[in-house]
Amino acid sequence: MTTETTPRAPRAERFDPSSFEGKWRERWEADELYVSRDDDPRPKHYILTMYPYPSGDLHIGHWFAMTGPDIVARMHRMQGESVMFPMGFDGFGLPAENAAIDRGIHPATWTYGNIDNMRRQMRLMAASFDWSREVVTCDPEYYRWQQWLFLKLYEAGLAYKAMGAVDWCPKDKVVLAREQVEGAERRCWRCGTQVEKRDLEQWWFRITNYSDELLNFEGLDYPEPIKSMQTNWIGRSEGAEIDFSTEPDDVAPIRVFTTRPDTVFGATFMVLAPEHPLVSVLTTEDRRADVELYVADARRETEIERMSTEREKTGVFIGAHAINPMTQERIPIWIADYVLPGYGTGAIMAVPAHDERDYEFATKFELPIRYVVAPASGELPEGRALVEHTADEVLIDSGEFTGMPAADAIGAITKALEERGQGQLAVTYRQRDWVAGRQRYWGCPIPIVYCDEHGAQPVPEDQLPVVLPLDVDFAPTGVSPLQSHAGFLTASCPTCGGPARRETDTMDTFVDSSWYFLRYCSPAYEDGPFDRVKVDEWMPIHLYTGGSEHAVMHLMYFRFFTKALRDLGLVSIDEPTLKLRNQGQILGADHNRMSKSRGNVQAPDELVARYGSDTVRAFLMFVGPWDQGGPWSATGMEGIHRWLGRVWGAAQPTDRDLQRAAANDGEMVGTVEEMERALRRATHTTIAAVGEDYDGFHFNTAIAKLMELTNAIVRAREAGRAGGQAYAEAVDTLLVLLAPIAPHVAEELWERRGHPYSVHQQPWPVADPALAASDTLELPVQVDGKLRDRLVVTVDTPADEIERMALASEHVQRYLAGRPPLRVIQIPGRLVNIVTPRE
RNA sequence: GGGCGAGUGGCGGAACGGCAGACGCGCCGGCCUUAGGAGCCGGUGUCGCAAGACGUGCGAGUUCGAAUCUCGCCUCGCCCACCA
């Protein structure tokens, strides 16, 4: 029974992501589509993105950061690998404690509440995380094993307690690692308060044992800036240590470090840091009052004042003299705060002629300046130090070494010093050990007790975990609430059983993140921090992604930890990851970092409600290179939505489209065969390009290519080709290639096209080079490098034929103006360049 | 001061040393609509009616050919900084 009414063509259903996105997420989760199984025989591939701090809400920057590796993980799964892509939470940290103080919410309540919310938001994002491996670092099951690892490091001497000058944040009332102090103004990385120096007894990790190894990036695919920042931070300097004997009787020789042993003949005085232990020994009685005054002043100064290069040099003579080991001259010993106690030996030989700081000091205090290195011309600078190097520089005024090239003199002089027992080659690093303890509550307790009789004692393994008590008082007294918790404080000595006091410092949260990637390999393991067998199977991480702001913090600590655990015999790898990629930062619309206080935070939830998850994902990946980031702007979101709408329409040709195809009703360009061929070519070139782009993190260009394929498909439909084989192949391929970026749309359309669930389990398509190849090509023709014409030729056109055609071109002829070409350069398949004689 | 990045249309950005501006946004024109903050089609680096000329921060260089390589400047971002 037919009716004459409503002959309107049935229109495709409107593209409405909210009608299907939720349904698919539930199904994927129920089917455990992204759960990685240890017994999966396929090749294992570990992809990891840095777990977030549970601050409360996922912001658009998290989406940006996590969608990239999610795309790569999804593609690798489709390429037949067993992909582990886990997620967890960096549960300990200061904000939780501040919330407790400010708002009376317990840190645990606050943290776990935030985790619940962020887990929900991450599900909305449809990232293909394997939640079965989730790790939350503030769970006792996690930090128990961290305490265990701490004890192993302690036993091996890699964790130790010692006095040291440390950075102290007066606002957070906590010590900071050097890496956590930012900028010239030396501000706390968390709260921005200027830090102070304090001498405190602290827990440290001996990361400096690994300084040299951490400099080695061989075989590591890390971004250049990260390698450079870590290298700078470690600050390896090669030079020599030289001993200067002192008067009287050389009771206290001074050892200095210098990178310029070649200039020792120019050392006309010495400078010790005010804190140097020999200061009090060497100071003569008549100078003692002045010296003590200066030392006390230096101690009072803030770090910022002291480190300022702007500031005029200060210092005092201590009355004592040293002997220059090469010239045997008697030279005065000074103290000055420009010499730092923590670097080198805390003492220098001052060579004012070849060091700007020493020059400034010598000028101010009228100390002798003697040039000992000069260019071959003999020309010396006036009124400044000679610090720049020339290839022809030689030593002058340097006894038996006079005339020697400076480059050779470093070795020669060091050797001479060594022969008389006054020096040797030495290497110094700027890197310090990592301050591991924090005077805060919400962190992993350090498993140590103090006995009056036996001192610091490790908590026995069978007593782990040392549980963080929850019933504590958060009154902001300035000391950790653990210090007033009698039940926690009271312990017994494992050696004598007598009364002991428990350590109240907790660990830096960067300890938590230094091994979480190992825990993911066996998250429920109860006999140790991780199952060695699983770790050997999964590690190292094939691809690690996260922010570059962690360059000298987490990204160095996790390398250190891996190496330390290797030396403890716990893992067999040298490096945690072979490949690191940093996403750029998404800034607020005002070009500032997104923060609640600035009110420029873009919440993803409302965008998702409006456009759907896929659109937000694709938009973020399209705005620019992933490693670049940039200020947030929703301009263009509509364009992405329109594109997915076009995919929606193209994948569901209407009856009318099919009728037109059957009737060959459309604007044909060439024959049906030619059009089908062109569409297949578009399909296969896209396959090849998109896969490469995903692996290279070029998601923006991958999307551009998918858009081009979509446009080709739409054009084919409008030309009446919607019914053909090529059309179906193009659409189905598009959906598979699109699946990593827009998982919901791809799945929904895959089903609507009658294919079996799931698009995410389809094999990744392989490009057929024969189909991708074109049989004609357009060659640009240049004259003297400037584009003048284009030739359309078949690919098999011989070179001499192309040359003939190029020269025959009327546009080319005009520029040749009758002259014969000097030569013709052909880059096969690329271009023709005709070179004309030069005037 | 040192190290590392980056400068391309109105905007986000493309471009193995080989057609500068892919893809998208925006804008302009048109179609379709009672309507359009929907959809579709076309145009859109600058100057020029056109032919054409000029164009990748500035200046040199290498090359048949440079956004791309080299050198020197300028600007911006990040990291380090009295580190001997």
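The model shown is predicted, which means the values in this text are computed figures rather than measured ones. All values below come from the heavy atoms of this structure, side chains included, with hydrogens, waters and symmetry mates left out.
The base of B/C23 is not paired with the side chain of A/K705 by any donor and acceptor separated by under 3.5 Å. Under 3.5 Å, the side chain of A/N232 and the base of B/C80 form no donor-acceptor pair of N or O atoms.
Separation of the P atoms belonging to B/C28 and B/G17 is 39 Å when rounded to the nearest angstrom. For the P atoms, the distance linking B/G2 with B/G72 amounts to 12 Å, nearest Å. Taking atom C1' on both nucleotides, B/C47 is separated from B/G3 by 43 Å, rounded to a whole Å. Spacing between B/C69 and B/G1 at atom P, rounded to whole Å, works out to 26 Å. The same atom, C1', is picked in B/G21 and in B/G7; the two are 16 Å apart, to the nearest Å. B/G5 and B/G59 have their P atoms separated by 24 Å, given to the nearest Å. Between B/A15 and B/A67, the two C1' atoms lie 9 Å apart (nearest whole Å). A distance of about 15 Å separates the P atoms of B/G57 and B/G13, rounded to the whole Å.
OP1 or OP2 of B/A53 sits under 4.0 Å from a side-chain N or O of A/Y815. Of the side-chain N and O atoms in A/R788, none sit less than 4.0 angstrom from OP1 or OP2 of B/G52. One finds a side-chain N or O of A/R814 lying less than 4.0 angstrom from the OP1 or OP2 phosphate oxygen of B/G52. A sub-4.0 Å separation between OP1 or OP2 of B/G18 and a side-chain N or O of A/Q782 is absent. An OP1 or OP2 oxygen of B/A14 is reached within less than 4.0 angstrom by a side-chain nitrogen or oxygen of A/N700. For B/C40, neither phosphate oxygen OP1 nor OP2 lies less than 4.0 angstrom from any side-chain nitrogen or oxygen of A/R717. Between B/A84 and A/S237, a contact under 4.0 Å exists linking OP1 or OP2 to a side-chain N or O.
What separates CG of A/L787 from P of B/G18 is a distance of 15 Å, to the nearest Å. Atom CG of A/D784 and atom C1' of B/G18 are 15 Å apart (whole Å). Taking atom CD of residue A/E388 and atom P of nucleotide B/G1, one finds them 14 Å apart after rounding to whole Å. Whole-Å rounding puts the A/F619 CZ to B/C23 P distance at 18 Å. Computed from coordinates, the A/M229 CE to B/C78 P distance equals 11 Å when rounded to whole Å. For the pair A/Q230 CD and B/G5 C1', the computed distance is 17 Å after rounding to whole Å. Residue A/F15 contributes atom CZ, which lies 13 Å from atom P of B/C40 at whole-angstrom precision. For the pair A/I234 CD1 and B/C80 P, the interatomic distance rounds to 14 Å; values are reported in whole Å.
Below 30°, between 30° and 60°, or above 60°: for A/F269 and A/F361 the angle between ring planes is below 30°, a parallel geometry.
B/G9 adopts a syn glycosidic conformation, its chi angle falling within 90° of 0.
Crowding of A/R814 atom CZ: a count of heavy atoms from other residues, nucleotides or ligands under 6.0 Å exceeding 12. Atom CD of A/E692 sits in a sparse spot, with 12 or fewer heavy atoms from other residues, nucleotides or ligands closer than 6.0 Å.
Residue contacts for A/D358: at a heavy-atom cut-off of 4.0 Å it reaches no nucleic acid atom on any strand shown. In this structure, A/E778 reaches the bases: a heavy-atom distance under 4.0 Å links it to at least one base atom across the strands shown. Counting non-hydrogen atoms under 4.0 angstrom, A/G639 reaches the backbone sugars and phosphates but no base. A/W233 comes within contact range of the sugar-phosphate backbone alone, with a heavy-atom separation under 4.0 Å but no base atom that close.
Both A/G785 and A/I640 sit near RNA chain B, but only A/I640 has its closest nucleotide nearer the 5' end. Residue-to-nucleotide proximity on RNA chain B shows that, of A/G344 and A/F622, the 5′-proximal contact is made by A/F622.
Across the strands present, B/G42 finds its partner in B/C28; the criterion is a Watson-Crick or G-U wobble pair with both atom distances under 3.5 angstrom. In this structure, B/G12 and B/C23 make a Watson-Crick or G-U wobble pair, each of the two defining distances being under 3.5 angstrom. Pairing partner, B/U56: none, since no Watson-Crick or wobble contact has both distances short of 3.5 Å. Judged by Watson-Crick or G-U wobble contacts below 3.5 Å, the nucleotide B/C76 has B/G5 as its partner.
Residue A/L831 places its side chain closer to B/G18 than to any other of B/C23, B/C54, B/G18. Among the nucleotides B/G52, B/A84, B/G24, the one closest to the side chain of A/T259 is B/A84. If you check B/A84, B/A53, B/G24 against the side chain of A/L340, the one that comes closest is B/A84. The nucleotide whose nearest atom lies closest to any side-chain atom of A/R646 is, among B/A84, B/C40, B/G3, B/C40. The side chain of A/R830 sits closest to B/G18 out of B/G13, B/A84, B/G18. In this structure, the nucleotide among B/C64, B/C83, B/C82 sitting nearest to the side chain of A/R823 is B/C64. When distances run from any side-chain atom of A/E224 to the nucleotides B/C4, B/A84, B/G26, the shortest one goes to B/C4. When each of B/A84, B/G65, B/C82 is scored by its nearest atom to the side-chain atoms of A/F257, the top-ranked nucleotide is B/A84. Checked against B/A14, B/C23, B/G39, the side chain of A/T701 finds its nearest nucleotide in B/A14. Comparing B/C82, B/C83, B/G12 by their nearest atom to the side chain of A/Y343 picks out B/C83.
Between A/W626 and A/Y694, the ring center distance fails the sub-6.0 Å criterion.
In summary, the side chains of A/N711 and A/R646 do present a donor paired with an acceptor at a separation below 3.5 Å, with no hydrogens or angles considered.
Shown are A/T263, A/D262, A/T258; of these, the side chain to side chain donor-acceptor pair (under 3.5 Å) with A/R260 is made only by A/D262.
When all heavy atoms of A/A618 and A/W643 are compared, the closest pair comes out as CB-CZ3, 4.3 Å. Minimum interatomic distance between A/F622 and A/A704 (heavy atoms only, all atoms of both residues): CE1-N, 4.1 Å.
For A/R236 and A/D212, the salt-bridge test passes: some basic side-chain N is under 4.0 Å from an acidic carboxylate O.
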